[in-house]
Amino acid sequence: MQANTFYISLTPQQAVPMIDDFIQRGSITGELIDRFVADSPNGGHCVISIYEKHFWRAGNRLTLTVSLDDFYGKTRVHTVGGGGGSGLINFDWGAAEAFSNSVAKVMEPYIIP
């Protein structure tokens with residue numbers, strides 16, 4: 001399992017289509033499995049998306065969960081990739097990390113240091 005957390009200058013509503021486009025139609029060719037959207041009574045938004053992709057390197061399907069929220073005045077992005085391990089030691093050859101890091105790559109111009 002590989003997780004990343006970072007902040008971006010976009011709203012969740014602006015970032016989600018960009019991430020979708022990159023994962024589903026870009027170089028990754030993943031598939032959106034499910035999405036959950038929750039709005040806070042205080043005006044904040046949370047979007048959780050789950051993607052799946054077959055990685056030949058891992059010889060298995062991997063999942064990527066992307067959570068975006070703007071509960072604290074800026075958009076937080078949290079990604080978790082997993083599910084790609086195989087064999088006795090459940091090793092995925094770095095595929096989960098690559099899948100998880102793909103969101104940071106597409107959001108790179110908008111990352112807040």
Side-chain angles (χ1 to χ4, degrees):
M1 177 176 68
Q2 177 67 32
N4 289 316
T5 300
F6 54 92
Y7 292 87
I8 58 174
S9 60
L10 301 172
T11 66
Q13 296 87 340
Q14 292 169 320
V16 166
M18 295 173 71
I19 295 167
D20 278 353
D21 187 56
F22 182 76
I23 291 177
Q24 295 182 85
R25 289 173 278 293
S27 62
I28 294 189
T29 63
E31 176 184 356
L32 178 67
I33 301 299
D34 195 15
R35 174 165 291 138
F36 177 78
V37 179
D39 296 321
S40 165
N42 299 330
H45 305 282
C46 177
V47 179
I48 300 171
S49 303
I50 298 119
Y51 303 92
E52 184 179 55
K53 176 187 175 31
H54 185 272
F55 267 75
W56 292 106
R57 178 175 38 180
N60 204 344
R61 295 195 72 76
L62 287 100
T63 61
L64 173 64
T65 303
V66 180
S67 172
L68 296 100
D69 73 71
D70 60 1
F71 295 148
Y72 302 102
K74 56 186 174 181
T75 300
R76 176 175 48 183
V77 180
H78 181 78
T79 65
V80 178
S86 62
L88 291 175
I89 57 173
N90 205 25
F91 191 70
D92 73 1
W93 301 98
E97 180 178 5
F99 203 13
S100 181
N101 289 339
S102 66
V103 176
K105 287 179 187 173
V106 74
M107 291 288 107
E108 187 173 13
Y110 310 100
I111 292 177
I112 299 169

Q) So do the side chains of V66 and I48 get within less than 4.5 Å of each other, counting heavy atoms only? A)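 Contact flag for V66/I48 side chains = no.
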Q: With the side chain counted from C-beta on, respond yes when R35 and V16 share a heavy-atom pair under 4.5 Å apart, and no when they do not.
A: yes
Q) Y51 and side chain to side chain donor-acceptor pair (under 3.5 Å): which partner among D34, T63, D20? A) D20
Q) In this structure, which one of T5, D69, T65 forms a side chain to side chain donor-acceptor pair (under 3.5 Å) with H78? A) T5
Q) What is the distance from atom SG of C46 to atom CZ of F36, rounded to the nearest 0.5 Å? A)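 Here the rounded value is 7.5 Å.
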(Q) Let me confirm one number: the CG-CD distance from L32 to Q24, rounded to the nearest 0.5 Å. (A)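 Reported value, rounded in 0.5 Å steps: 5.0 Å.
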Q) side chain to side chain contact (heavy atoms under 4.5 Å, CB included) with L68: which of V77, L10, T11? A)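 The option that passes is V77.
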Single-linkage hydrophobic cluster [X]~[Y], side-chain heavy atoms < 4.5 angstrom:
| X | Y | answer |
| --- | --- | --- |
| I112 | M18 | no |
| I33 | V103 | no |
| Y7 | F71 | no |
| I50 | M107 | no |
| V106 | I111 | yes |

Q: Give the minimum heavy-atom separation between T75 and P12, together with the two atoms involved.
A: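 In terms of heavy atoms, the two residues are closest at OG1-CD, 3.4 Å.
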Q. What heavy-atom pair brings A15 and I8 nearest, and what distance separates the two atoms?
A. CB-CD1, 3.7 Å
Q | Enclosure of F6 CZ (heavy-atom neighbours >12, cutoff 6.0 Å) | A |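 Buried by this count: over 12 neighbours within 6.0 Å.
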Q) Taking atom types as modelled, is there a side-chain donor on H45 or D39 under 3.5 Å from an acceptor on the other? A)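 D39 and H45 do have a side-chain donor-acceptor pair below 3.5 Å.
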Q.
Assess the residue pair L64 and S102 against the criterion (side chain to side chain contact (heavy atoms under 4.5 Å, CB included)); give the C-alpha distance rounded to whole Å, side-chain angles, the decisive distance to 0.1 Å, and a yes or no.
A. CA-CA 10 Å; L64 173 64; S102 66; 4.2 Å; yes
